[in-house]
Asker: 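Sharing a structure here in structure tokens format.
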Amino acid sequence: MSKRASLGTLIRNGILLENPIFRLALSLCPTIAVTNKLRNGFLMGLAVLFVQVMVNLTISALRKFIHPRIRLPIFMLIISGWVTVVDMLMAAYARAAYKEMGLYIELIVAFASILARAELFASKNEVVPSFMDGIGQGVGFLFALCIISFFRELLGMGSLWGHAFVSSKPLLIMVLPTGGFFAVGILMGFFNWIDMKFFGGSGASGAAGH
Amino acid sequence: MTSKDIIKITLNLVIIYVVGGLILAAVYAKTEPVKVLKAYQEKQAALKEMMPEAKEISKMGVWKPHDKEAEYYIAKKDGKTIGYIIETYAKGYSSYIDMLIAVNDAFTVEKLNILEQHETPGLGDEVQQPYFQNQFAGKTLAHLVVVKVPTKVDIQAVSGATISSRAVTDDGVKKAVEMLKDKLSSEVKNEQAG
């Protein structure tokens, strides 16, 4: 990714070519845990977007000041600081959502996707591109969580955003963890296919992390 | 690593910790009062909903189901006790089920409200559905029994979720009502003895 990449390119990269979940295969563990309902997936995506942007900004601004030997501990401190801010804000202002996802919010600290962008991009780039990269990656994450939870809630509960379309539960397995693997696997395959078909990629995803 | 590096690393860490700590403290100072206030209001609203006819609901005491702190309340109207509300935690299949139970002064269950649970989606979490919870209204201790067939007098289990149904009924409602009965009768004894 060049330094002068435009916001559009970065967002396109975040959603498609370098999507943290479908292409880079990062942070799959929390992805499967929270995506059984569209609302949960969406809120988690928003929280990650916020944390990713703030972390990228902070690290990019401080990158000359941070000693390379202790950059990872400092990145972790910055990430956990921002996650704690999100956690406290949600506990006060979005209580209904917090009750359902409070546990997962704290897990954002350990998201490989956030640390990966901090190390690979923000620590080497100016503030503005880092900000855009944060937006691109965050939107990509949000997009991935929404699309996974869209299919899981629709197929598993027969509802979307809590509104039921059918009284029965068509494919209950989709809201259970097993269904999470199915949904992520099939969608990952689909995005690899898009990459091969339209962007001339090799179709291989990056290294996996949790 | 030179001593210059060591000084730089130390400074790095100190500054990040101090600044980060200050930011967190500021956010905490701003959000904590809002959080506490909202939690209190939610609790009051939930209690009120349990017994809408009560004029005054006040805390009676604390008990410890599964070592978790839970409160129970006395509900009054025009100075007369009309019932009690008990909070309890029942050990379900995959989570502790947090619930409020309203009983009248004859210990008949008036209402059950499951506040929070993390039972299996689609199976155990059906206990939160009105069709299951509404069965508890009007039940006395003798009829807090889970059966697996359609019933009008007992509690019918959610199909496929007997463990969660039993947890709500036996470990939750039944234990809570028995606890209340116990506490109240020992209070009466104490008064007579005193």
Side-chain angles (χ1 to χ4, degrees), chain A residues 33 36-37 40 54 58-59 61-71 73-96 98-103 152-153 155-159 164 167-180, chain B residues 1-43 45-46 93-96 98 114-126 128-129 131 158-161:
Chain A
N36 55 1
K37 285 186 196 130
N40 288 358
M54 297 317 285
T58 318
I59 287 173
L62 296 178
R63 71 185 189 284
K64 288 187 181 127
F65 161 79
I66 298 169
H67 194 283
R69 283 210 168 200
I70 48 153
R71 67 185 192 287
I74 290 199
F75 292 169
M76 288 313 294
L77 271 172
I78 293 171
I79 294 170
S80 44
W82 282 114
V83 169
T84 313
V85 168
V86 171
D87 188 69
M88 291 193 288
L89 286 176
M90 278 188 75
Y93 300 107
R95 293 189 55 80
Y98 184 75
K99 270 189 193 152
E100 283 175 51
M101 337 170 9
L103 199 66
R152 287 184 70 189
E153 188 179 350
L155 295 174
M157 309 284 280
S159 64
S167 54
S168 66
K169 290 175 178 164
L171 255 178
L172 187 60
I173 196 169
M174 289 308 285
V175 291
L176 302 176
T178 325
Chain B
M1 192 154 57
T2 63
S3 59
K4 214 180 135 197
D5 280 333
I6 293 176
I7 292 171
K8 199 177 173 203
I9 287 174
T10 315
L11 267 178
N12 262 198
L13 287 171
V14 169
I15 293 173
I16 294 263
Y17 268 113
V18 171
V19 174
L22 286 176
I23 293 175
L24 289 185
V27 176
Y28 180 83
K30 195 94 188 131
T31 57
E32 189 65 10
V34 180
K35 178 178 138 189
V36 171
L37 179 71
K38 282 198 180 164
Y40 176 77
Q41 284 170 343
E42 273 164 21
K43 189 147 206 189
Y93 183 71
S94 57
S95 65
Y96 284 101
D98 181 9
I114 295 177
L115 300 174
E116 204 184 334
Q117 48 81 21
H118 297 281
E119 298 292 284
T120 319
L123 295 171
D125 75 348
E126 289 279 303
Q128 195 142 25
Q129 297 286 337
Y131 78 81
V158 171
S159 64

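Quick caveat, the model's predicted, so the values are computed rather than measured. All chains are named by letter (A, B, ...) in the order of the sequence lines, taking the proteins before the strands, and each is independently numbered beginning at 1.
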Asker: For Ile66(A), is it the side chain, the backbone, both, or neither that has a heavy atom closer than 4.5 Å to a heavy atom of chain B?
Answerer: both
Asker: Considering only heavy atoms from C-beta outward, does the side chain of Met88(A) approach that of Glu32(B) to under 4.5 Å?
Answerer: no
Asker: With rounding to the nearest 0.5 Å, note down the distance linking NZ in Lys35(B) to OH in Tyr98(A).
Answerer: 6.0 Å
Asker: To the nearest 0.5 Å, what is the distance between CD1 (Ile16(B)) and CD1 (Ile70(A))?
Answerer: 8.0 Å
Asker: How about Lys38(B): does its NZ atom have over 12 heavy atoms from other parts shown lying under 6.0 Å from it?
Answerer: yes
Asker: Taking every non-hydrogen pair under 4.5 Å, which of Ile74(A), Thr58(A), Val175(A) racks up the most with chain B?
Answerer: Ile74(A)
Asker: Do other residues, nucleotides or ligands put more than 12 heavy atoms under 6.0 Å from the CZ atom of Phe75(A)?
Answerer: yes
Asker: List the atom of Lys8(B), the atom of Lys64(A), and the distance in Å for their closest heavy-atom pair.
Answerer: NZ-O, 3.9 Å
Asker: Can you tell me if OH on Tyr131(B) sees more than 12 non-hydrogen neighbours from other groups inside 6.0 Å?
Answerer: yes
Asker: Which value, rounded to the nearest 0.5 Å, describes the distance between Leu13(B) atom CG and Leu77(A) atom CG?
Answerer: 7.0 Å
Asker: Which of the residues Asn36(A), Val85(A), Ile78(A) is involved in the greatest number of heavy-atom pairs with chain B at under 4.5 angstrom?
Answerer: Val85(A)
Asker: Can you name the nearest heavy-atom pair linking Ile15(B) to Phe65(A), along with the distance?
Answerer: CD1-CZ, 3.9 Å
Asker: Of the non-hydrogen atoms in Leu24(B) and Gly81(A), which two are nearest, and what is the gap between them?
Answerer: CD2-O, 3.5 Å
Asker: Is there side-chain contact between Ile9(B) and Arg69(A), with at least one heavy-atom pair below 4.5 Å?
Answerer: yes
Asker: Could you have a look at Leu11(B), Thr120(B), Asn12(B) and say which one has the most heavy-atom pairs with chain A under 4.5 angstrom?
Answerer: Asn12(B)
Asker: Does a side-chain heavy-atom distance below 4.5 Å link Leu172(A) with Leu123(B)?
Answerer: yes
Asker: Please state whether the side chain, the backbone, both or neither of Tyr93(A) comes within less than 4.5 Å of a heavy atom of chain B.
Answerer: both
Asker: Search all heavy atoms of Ala39(B) against all heavy atoms of Arg95(A) and return the closest pair with its distance.
Answerer: CB-NH2, 3.7 Å
